[in-house]
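Reckoned from all heavy atoms, side chains included, excluding hydrogens, waters and symmetry mates.
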Amino acid sequence: MTEPERIVAEGIVPPNFLDEEIQCEFLVDSHRKKIWAVELELMLEIDRVCKKHNLRYFLMCGTLLGAIRHKGFIPWDDDADLAMPREDYEKFIRLGDEFKHPIFLQTPYTDNDYAASFARVRNANTSAISPIIKYQKMNQGLFVDIFPLDNLVEEGAQERYEQINRLNIENGTFMRLTNPELNEKNRQRVAAYNRDHMKDFEEIQRIATMYNDRKTEKIAIMLFTAEPLEINTWNAVDFESSVEAEFAGHMFPIPSGYKNILTQAYGDYMAFPPVEDRGKHHGHYILEPDIPYKEFLENGCKA
């Protein structure tokens, strides 16, 4: 039994959840529906653990938009993002034992070959493989990203963000070390690598949290440097409390200031993007909800 089949059998989603359908003029095929089913179970497991331990978290980014505009996944989206106040995040990442196989809480402390600066919760019986790091002996199942929210002092913030970005790049190099198929640019990058990825990871956390001992007007996701800092910065007051929102038939917490957050990110967030811009997401990952990542890689499936 595959993971999507198990999730249906256990009643986590209804039997017709995996059926292909057109949503908002976009064909959502059964493959995407299976990815959603796996990610929804991960979200529910995170929700269970957070409620058990009285930890705060919020739907964020496209997942927040999906909750408000679609009451579930954006039809052309294929991932899920959550955020936690740093205090709650630090408690959460110590709760790996709360998750049972195939679900796995991934940080560099629980999976030493994983060097991203934020946590993921993965399903080990599925595959989400980035070709550039596919040889890393780490869990490469479908995942939900979890980002800590840190207090932001605006003076010097861009410099700190760039410093974190440089360290993120170094840890990205670490995850390429095992790849024998690199192009010349990446081979040169790997050949020059001479660092301790755990020290770099801990330095990232130190920089991100250095102003958490004071109250600030702004709050930010400092760890995800693939976006400009201003995109990852919000008014702290918008996160002071949460409200419930429906997502794929379940209720999840969202920031009480969600309207401000979504307007900042998307402008008229209830408007759909042009049809030609829908469906372009996570193109660098091979997403396979029916096959465990170890089996996928051992069988030489292309990634």
Side-chain angles (χ1 to χ4, degrees), residues 79 81-84 86 89-90 92-94 96 99 103-124 126-148 150 158-210 220-229 232 282-288 292-294 296-298 300-303:
D79 70 351
D81 297 304
L82 309 179
M84 293 182 178
R86 173 65 75 159
Y89 176 87
E90 293 294 338
F92 177 81
I93 62 173
R94 296 183 179 93
F99 298 97
I103 298 176
F104 175 66
L105 173 58
Q106 185 179 48
T107 72
Y109 296 117
T110 63
D111 193 341
N112 191 56
D113 284 328
Y114 173 77
S117 55
F118 52 87
R120 284 177 165 163
V121 175
R122 293 193 185 250
N123 183 311
T126 63
S127 300
I129 298 168
S130 176
I132 198 71
I133 57 173
K134 68 179 180 179
Y135 290 98
Q136 279 295 89
K137 300 299 182 183
M138 65 182 192
N139 192 307
Q140 298 186 57
L142 285 167
F143 57 85
V144 170
D145 286 332
I146 306 175
F147 302 104
D150 292 304
Q158 185 60 42
E159 290 78 7
R160 295 191 298 277
Y161 198 63
E162 290 172 3
Q163 188 177 358
I164 290 172
N165 183 55
R166 287 192 292 271
L167 293 170
N168 276 338
I169 290 171
E170 293 291 357
N171 278 352
T173 303
F174 165 77
M175 290 194 287
R176 288 164 165 78
L177 294 177
T178 51
N179 189 343
E181 302 170 354
L182 297 174
N183 60 27
E184 181 60 28
K185 181 179 178 180
N186 274 292
R187 283 199 297 271
Q188 292 178 9
R189 176 175 167 180
V190 163
Y193 183 82
N194 183 24
R195 303 181 67 88
D196 182 329
H197 75 284
M198 286 303 301
K199 287 184 178 179
D200 284 341
F201 169 78
E202 289 169 355
E203 178 65 4
I204 289 169
Q205 309 308 312
R206 186 195 68 79
I207 297 167
T209 60
M210 63 192 307
I221 293 174
M222 294 289 287
L223 303 187
F224 186 64
T225 52
E227 303 281 3
L229 177 58
N232 286 342
H282 269 181
H284 62 292
Y285 276 94
I286 307 300
L287 305 179
E288 184 47 73
Y293 72 91
K294 289 183 179 179
F296 187 94
L297 293 171
E298 286 171 0
C301 298
K302 277 202 168 184

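- Interatomic distance, CZ of Arg120 versus OG1 of Thr110, reported as 12.5 Å (0.5 Å rounding).
- Contacts of Glu162 classified as side chain to side chain donor-acceptor pair (under 3.5 Å), with partners at least two apart in sequence or in another chain: Gln158.
- Side-chain contact check for Ile204 versus Asn168: some heavy-atom pair is nearer than 4.5 Å.
- The side-chain heavy atoms of Phe296 and Ile286, taken from C-beta on, include a pair separated by under 4.5 Å.
- The side chain to side chain donor-acceptor pair (under 3.5 Å) test applied to Arg94 returns no partner, not counting sequence neighbours.
- The two residues Pro108 and Ala115 have their closest heavy-atom pair at CG-CA, 4.3 Å.
- Legend: residues meeting ring-ring contact (aromatic ring centres under 6.0 Å, His included) with Phe118, ordered by chain and number and at least two apart, are Phe147.
- Between Asp79 atom CG and Leu287 atom CG the span is 9.0 Å, to the nearest 0.5 Å.
- Note that the CD atom of Glu170 and the CG atom of Asn165 stand 10.5 Å from one another [nearest 0.5 Å].
- Remark: side-chain polar atoms of Arg160 are not paired, donor with acceptor, to backbone N or O of Ile207 under 3.5 angstrom.
- Residues passing the side chain to side chain donor-acceptor pair (under 3.5 Å) test with Gln205, sequence neighbours excluded: Arg86.
- Annotation for Gly141 and Asn139: closest pair N-OD1, 2.9 Å, computed over non-hydrogen atoms.
- Leu177 CG to Ile133 CD1: the interatomic distance, rounded to the nearest 0.5 Å, is 11.5 Å.
- No side-chain heavy atom of Gln140 sits under 4.5 Å from any side-chain heavy atom of Ser127.
- In this structure, Asn171 and Ser117 have side chains that are not in contact, with every pair of non-hydrogen atoms separated by 4.5 Å or more.
- In this structure the side chain of Glu184 reaches within 4.5 angstrom of the side chain of Gln188, judged on heavy atoms.
- Ring pair Tyr114/Phe201: centre-to-centre distance not below 6.0 Å.
- You'll find the side chain of Ile146 reaches within 4.5 Å of the side chain of Met84, heavy atoms only.
- Atom OG1 of residue Thr126 and atom CZ of residue Phe143 lie 10.0 Å apart, to the nearest 0.5 angstrom.
- With a 4.5 Å cut-off on side-chain heavy atoms, Met222 and Leu229 count as touching.
- Note that CD of Glu202 is 12.0 Å distant from CG of Leu167, once rounded to the nearest 0.5 Å.
- Note on ring orientation: taking the six-membered ring where Trp is involved, the planes of Phe174 and Tyr193 are tilted (angle from 30° to 60°).
- Applying the ring-ring contact (aromatic ring centres under 6.0 Å, His included) test to Phe104 and every residue at least two apart in sequence or in another chain returns nothing.
- Counting only distance, with no hydrogens or angles, the side chain of Tyr161 and the backbone of Leu223 share no donor-acceptor pair below 3.5 Å.
- The ring-ring contact (aromatic ring centres under 6.0 Å, His included) search around Tyr293 returns none, not counting sequence neighbours.
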**Message:** side chain to side chain contact (heavy atoms under 4.5 Å, CB included) for Ile169 and Arg189? Distances and angles first, verdict last.
**Reply:** CA-CA 10 Å; Ile169 290 171; Arg189 176 175 167 180; 3.7 Å; yes
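- The two residues Ala119 and Thr107 have their closest heavy-atom pair at CB-CG2, 3.9 Å.
- When every heavy atom of Ala116 is checked against every heavy atom of Met175, the shortest pair comes out as N-CE, 4.0 Å.
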**Request:** Give the C-alpha distance, both sets of side-chain angles, the deciding distance and a yes or no for side chain to side chain donor-acceptor pair (under 3.5 Å) between Arg122 and Gln106.
**Result:** CA-CA 7 Å; Arg122 293 193 185 250; Gln106 185 179 48; 2.5 Å; yes
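- Of the charged side-chain nitrogens involved, none lies within less than 4.0 Å of a carboxylate oxygen, so that Lys137 and Asp113 do not count as a salt-bridged pair.
- Considering only heavy atoms from C-beta on, Arg176 stays 4.5 Å or farther from Gln136 through its side chain.
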**Request:** Apply the test side chain to side chain contact (heavy atoms under 4.5 Å, CB included) to residues Leu82 and Asp145: give CA-CA distance (whole Å), side-chain angles for both, the deciding distance (0.1 Å), then the verdict.
**Result:** CA-CA 6 Å; Leu82 309 179; Asp145 286 332; over 6 Å; no
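- With Asn179 contributing its side chain and Ile132 its backbone, the two residues share a donor-acceptor pair below 3.5 Å.
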